[in-house]
Amino acid sequence: MPEKAYQRGLVWLRNDLRMDDNTALYRAAKACNALAVIFIACPQTWRSHGDGDNVVAMRLRTLKALQASLAKKHIPLYFLELRGFAQVSAALEQICRKLNIEALFANAEYPLNEQRRDAAVRETLRSVGVPVEYCTDRTLIPPGSLTTGSGEGFKVYTPFKRAFIARHDNRDQGFEPLPAPRSLGADHGDLWPEWIALEGEHNLVRAIPDTVGDYGVAPGGDSRVLEWAVGEGAAKTLLEEFSAIVADYQEQRDFPAVPGTSRLSPYLNCGALSVRRCVQMALAENDGRWVGSSEGASCWLSELLWREFYQHLVVNFPRVCRNLPFKPETERVPWSRRTEDFERWCEGQTGVPIVDAAMRQLNQTGWMHNRLRMVVASFLTKNLLTDWRKGEHYFMQKLVDADFAANNGGWQWAASTGTDAAPYFRVFNPYSQSKRFDPDGAFIRAFVPELEGYSAKDIHCPPNDLFSDRSYPAPVCDVTESRKHAIEVFANLKS
Ligand SMILES: Cc1cc2nc3c(=O)[nH]c(=O)nc-3n(C[C@H](O)[C@H](O)[C@H](O)COP(=O)(O)OP(=O)(O)OC[C@H]3O[C@@H](n4cnc5c(N)ncnc54)[C@H](O)[C@@H]3O)c2cc1C
């Protein structure tokens, strides 16, 4: 067997909770004779980043599944709960000392605070002689490595996509998934203690709790959020199932009542599935091309590039990580202070059926269809002229797939405040969207039972007689008037 560089290595997992095709884990397994894995929960920092109960529950449940899989390979997974990122460097330094760790491996994370935390860890561990390797894994290529002709990060998706495809289409892709580590044998498991005492708040343990800090298991105990199967096996099955219908993706993806999208976002975000596995599947259905004979697979690959684009954006334009709009002039939008409108939006009680059905889908299942994310975000920021940051935060609280880059990108797009944003004069009409994408009202009926008896014609914009019995609220605003007002407000920013 070739000599390995280190006796003992530590893999620090974050949003990459899988064994398969995990770059940091793969590299550590190659470089180290003995290997342990650690996950550090930082509930106070997670709260300050807006992470809600659902995404944290998904993370912890996935971690448990991963621990069981790693145990079969005799690789221990340790758990540590700290308050926040500020405690991480000192804790890792102690852990490396007590476990005789010679090198630390992790996959890079890109939002600003994560980058600062990782730089501090590198610095602290360097001072005690432990090298740290951060690998590219969450994205296909390192953010910052694809630039415009003038060397800047792309601000608009389409040229980004074009440049990406020009560089990678029909070439040796370099996105081939990596194998999971092999079993290290029962003796390997014996090398590692059950737990270790640390100075400060918590000890390093093996047991993974159901919840951390002040997080609940799921909001209001809504069990449908917990119906998401967890772990890499579940993600792999879903990917396989989706491969059978990916050819129809372009035609089906906009209809919320139809299972036409992959629903893989929760798995991509906690890392139970790698983006390279998704690319591998779609390329196989598309003659190995990014733009190939399958319109469905080509379209799905484009969506994976939206994900890539937003991840790159937070690195190229860290301003978006500071709770600021990308377009500074939009800071002057006189956002509405009507909290009642916002509350009605959150509760799915706006009186606009497609918006209410979508918000109830989010509240009940922790997920919302992409078409509807665009509709409800446009409705909140334009028709109700409510600050996009309130919607962004609410989504983070509820989504089981909450991801800072995609969520911030989606909200700034809808609010016309972002890099690659919808032009401010293009405002979604929720009634036309409803007629077009839920033509027989099946989606509305599934989430707004008050409207169950309405015909396909009336359900999108119920006639006034319904409101008199108070079973369903009258619309919170006049869609035509509020649209006109929003356009005026945005147009005035230019003058
Ligand atoms: C206001 C708003 C907020 C959003 N918040 C999030 C979020 O917090 N987390 C999140 O993962 N996505 C977010 N999205 C993007 C998109 O809605 C979801 O990724 C998608 O609905 C997930 O469903 P799916 O897995 O079935 O997607 P598919 O249609 O099967 O697409 C496959 C994958 O591509 C990626 N993807 C697809 N569309 C987008 C997009 N527009 N932007 C970025 N990535 C995309 C996702 O990783 C997705 O899982 C948001 C979009 C909007 C408009």
Side-chain angles (χ1 to χ4, degrees), residues 15 49-52 54-55 58 111 138-140 157-158 160-161 228 235 238-239 241-243 245-246 248-256 258-279 281-282 296-314 345 355 358-359 361-362 365-382 386 388-422 428 433 437:
N15 277 328
H49 288 176
D51 289 3
N54 290 346
V55 76
M58 185 80 188
R138 194 160 180 79
T139 53
L140 292 163
Y157 167 75
T158 306
F160 170 85
K161 174 183 159 184
W228 288 87
L238 210 51
L239 181 65
E241 285 169 6
F242 181 65
S243 70
I245 57 165
V246 68
D248 301 327
Y249 178 73
Q250 195 178 24
E251 274 131 50
Q252 302 289 341
R253 71 187 178 122
D254 278 315
F255 299 92
V258 174
T261 72
S262 70
R263 295 174 70 101
L264 284 167
S265 50
Y267 305 96
L268 280 163
N269 286 331
C270 71
L273 179 70
S274 78
V275 66
R276 289 177 297 270
R277 281 275 174 225
C278 295
V279 168
M281 179 282 277
S298 302
C299 181
W300 198 62
L301 284 162
S302 297
E303 295 306 312
L304 294 175
L305 289 183
W306 267 109
R307 176 184 178 276
E308 184 86 5
F309 174 67
Y310 284 138
Q311 299 279 338
H312 287 222
L313 207 67
V314 299
W345 177 86
V355 171
M359 293 306 293
Q361 180 182 41
L362 173 65
T365 70
W367 187 85
M368 191 194 289
H369 189 279
N370 178 60
R371 169 61 47 185
L372 302 178
R373 295 188 202 207
M374 295 192 285
V375 170
V376 302
S378 168
F379 187 75
L380 184 72
T381 57
K382 301 291 174 55
T386 298
W388 57 274
R389 283 164 284 215
K390 290 179 85 169
E392 181 198 19
H393 183 70
Y394 191 75
F395 266 34
M396 288 298 291
Q397 289 298 297
K398 295 288 175 182
L399 282 171
V400 79
D401 67 12
D403 170 71
F404 172 76
N407 194 42
N408 184 276
W411 275 96
Q412 295 226 42
W413 179 87
S416 308
T417 64
T419 44
D420 193 15
F428 281 61
Q433 292 282 313
F437 297 116

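Each ligand, and each atom within it, is numbered from 1 in the order the structure gives.
Closest to atom 12 (N) of ligand 1 among all protein heavy atoms lies A406 CB, 3.5 Å. Nearest non-hydrogen protein atom to atom 22 (C) of ligand 1 is S265 OG, 3.2 Å. Protein heavy atom nearest atom 4 (C) of ligand 1, with residue, atom name and distance: N407 OD1, 3.6 Å. Among all protein heavy atoms, the one lying closest to atom 40 (C) of ligand 1 is W306 CB, 3.9 Å. For atom 24 (P) of ligand 1, the nearest protein heavy atom (residue, atom name, distance) is R263 N, 3.5 Å. Nearest protein neighbour of atom 36 (N) of ligand 1, counting heavy atoms only, is E303 O, 3.5 Å. Looking only at heavy atoms of the protein, atom 30 (O) of ligand 1 is closest to S262 OG, 2.6 Å. Closest protein heavy atom to atom 33 (C) of ligand 1: L304 CD2, 3.8 Å.
The side chain to side chain donor-acceptor pair (under 3.5 Å) test with Q412 is passed by exactly one of N407, D420, T417: T417.
Contact between G409 and ligand 1 is absent, with no heavy atom of the residue lying under 4.0 Å from the ligand. For Y249, the closest heavy-atom approach to ligand 1 falls below 4.0 Å. The shortest separation from a heavy atom of R253 to ligand 1 is not under 4.0 Å, leaving the residue out of contact. Within the structure, ligand 1 has W367 among the residues with a heavy atom less than 4.0 angstrom away. By the 4.0 Å heavy-atom criterion, W300 is counted among the residues contacting ligand 1.
Taking a cut-off of under 4.0 Å to the non-hydrogen atoms of L268, the atoms of ligand 1 that pass are 47 (O), 49 (O). Close contacts between ligand 1 and A402 involve ligand atoms 8 (O) [criterion: under 4.0 Å to a heavy atom]. Of all atoms in ligand 1, listed by their number and element, those nearer than 4.0 Å to a heavy atom of N269 are 9 (N), 10 (C), 11 (O). Within the listing of ligand 1, atoms 7 (C), 8 (O), 9 (N), 10 (C), 11 (O) sit less than 4.0 angstrom from a heavy atom of D401.
Checked by atom type and distance alone, the side chain of S243 never pairs as donor or acceptor with a backbone atom of M281 at under 3.5 Å. The closest donor-acceptor contact from the side chain of T381 to the backbone of A377 lies under 3.5 Å. Checked by atom type and distance alone, the side chain of D403 pairs as donor or acceptor with a backbone atom of A406 at under 3.5 Å. Between the side chain of N54 and the backbone N or O of K398 there is at least one donor-acceptor pair closer than 3.5 Å. H49 contributes no side-chain N or O that, together with a main-chain N or O of D51, makes up a donor-acceptor pair within less than 3.5 Å.
A salt bridge is absent between K161 and E308; no separation between the charged side-chain nitrogens and carboxylate oxygens falls under 4.0 Å.
Residue nearest to atom 41 (N) of ligand 1, selected from N370, V275, D403, V375: N370 (by heavy-atom distance). For atom 6 (C) of ligand 1, the candidate residues are M374, M396, R373; the nearest heavy-atom contact is made by R373.
No side-chain heavy atom of T139 sits under 4.5 Å from any side-chain heavy atom of V275. Two residues are said to be in side-chain contact when any heavy atoms from C-beta on lie closer than 4.5 Å; S262 and Y249 fail this criterion. Contact annotation: the side chain of F160 never approaches that of T419 to less than 4.5 Å [non-hydrogen atoms, C-beta and beyond].
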With salt bridge (charged side-chain N to carboxylate O under 4.0 Å, His left out) as the criterion, how do R373 and D401 come out once you've worked through the C-alpha distance, each side chain's angles and the decisive distance to 0.1 Å?
CA-CA 13 Å; R373 295 188 202 207; D401 67 12; 2.8 Å; yes

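In this pair, Y310 and W306 present their aromatic rings tilted. The plane angle is within the 30 to 60° band. Using cut-offs of 30° and 60° for the angle between ring planes, the F395 and W345 rings count as parallel.
Of the N or O atoms in F395, none lie within a sub-3.5 Å distance of an N or O in ligand 1.
When non-hydrogen atoms are compared, ligand 1 lies under 4.0 Å from the backbone of T261 as well as from its side chain. By the criterion of a heavy-atom distance under 4.0 Å, the side chain of Y310, and not its backbone, is placed next to ligand 1.
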